[in-house]
Amino acid sequence: MSSSTITDVNNDILSNAPLISAFSAWLIAQFLKPFISKMMGDGFNPHMFLSTGGMPSSHSATVIALTTSVGIKLGIGSIPFAVCLIFSIIVIHDAMNIRLEAGKQADVINEWSKILSDIHKDKPFKQEHLKTMLGHSFSQVFVGLLLGILVGVTVTWFVSPW
């Protein structure tokens with residue numbers, strides 16, 4: 001690599017559209033969660049600002065914003081786009097399937113824990129609540145995907161127009 005090529009490399013993190021897109025999508029999705037929860041009748045829960053699960057999927061929004069921005073900047077035929085796309089598929093699959101099932105199992109374990117607490121009233125039974133909102137439904141992932149595309153295109157355009 002020649003020295004002129006090395007000096008042409010932009011090391012300014014504020015001009016890294018894929019990074020800013022991904023972070024922005026995550027931030028927006030996390031910010032929206034407690035408000036959407038309230039609109040859906042579940043009440044406003046400020047802990048949702050930093051929680052996993054809920055609407056929209058910040059996992060989906062983040063990886064899709066990254067993938068969208070890389071696709072815009074480097075082209076959908078590029079190797080980095082292919083890596084981002086496969087990464088996105090894996091993350092979304094995990095969010096919708098594996099983590100969702102783990103949340104269902106946590107619900108059952110928490111219910112059994114309550115039953116055991118009732119049975120052992122004379123001795124305190126220590127109940128450890130497992131986090132039950134681990135995964136995402138299809139609609140949560142779909143809204144996260146749409147949010148990711150929107151943020152990826154918008155941030156990429158503003159950070160470094162095509």
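As the structure is a computational prediction, the values presented were derived from the model and not from experiment.
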Would V151 and F23 show up in the same hydrophobic cluster when neighbours are defined by side-chain heavy atoms closer than 4.5 Å?
no
Looking only at heavy atoms, what is the nearest atom pair of A65 and S21, with distance?
CB-O, 3.5 Å
According to a hydrophobic-cluster definition based on side-chain heavy atoms being under 4.5 Å apart (Ile, Leu, Val, Met, Phe, Trp, Tyr only), do L27 and I13 belong together?
no
Identify which one of V91, L146, L147, V141 satisfies the side-chain contact (heavy atoms from CB on, under 4.5 Å) criterion when paired with S60.
V141
Sorted by chain and number, sequence neighbours left out, side-chain hydrogen bond (donor to acceptor under 3.5 Å, both in side chains) with S24 holds for none
Heavy-atom closest contact (V63 atom, S88 atom, distance):
O-OG, 3.1 Å
For F138, is the CZ atom crowded, meaning more than 12 foreign heavy atoms sit under 6.0 Å from it?
no
Who pairs with S69 by side-chain hydrogen bond (donor to acceptor under 3.5 Å, both in side chains), at least two apart in sequence or on another chain?
T156
Just list the side-chain donor-acceptor pairs under 3.5 Å for residues 76-86, sequence neighbours left out, or say none.
from : atom 1 : to  : atom 2 : distance (Å)
S78  : OG     : G75 : O      : 2.8
S78  : OG     : F81 : N      : 3.2

Do the side chains of L150 and I28 join up, straight or via other hydrophobic residues, at under 4.5 Å, putting them in one cluster?
no
Is it possible for you to say whether W26 and V159 belong to one hydrophobic cluster, with membership spreading through side-chain heavy-atom contacts below 4.5 Å?
no
Rounded to the nearest 0.5 Å, what separation is found between the CH2 atom of W157 and the CD1 atom of I72?
10.5 Å
Taken in chain and number order and not counting sequence neighbours, the residues that satisfy side-chain hydrogen bond (donor to acceptor under 3.5 Å, both in side chains) with T62 are none
Run the side-chain hydrogen bond (donor to acceptor under 3.5 Å, both in side chains) test against T154 and tell me which residues pass, sequence neighbours left out.
none
Residues 33-40, side-chain donor-acceptor partners within the protein, below 3.5 Å, at least two apart:
from : atom 1 : to  : atom 2 : distance (Å)
K33  : NZ     : Q30 : OE1    : 3.0
K33  : NZ     : S51 : O      : 3.3
K33  : NZ     : G53 : O      : 2.8
S37  : OG     : G43 : O      : 3.1

When rounded to the nearest 0.5 Å, the distance separating CG of L145 from OG of S57 is 9.0 Å
Beyond-backbone contact of M55 with V143, side-chain heavy atoms, under 4.5 angstrom
yes
Quick check: closest heavy atoms across A61 and A29, and the distance to 0.1 Å?
CB-CB, 4.2 Å
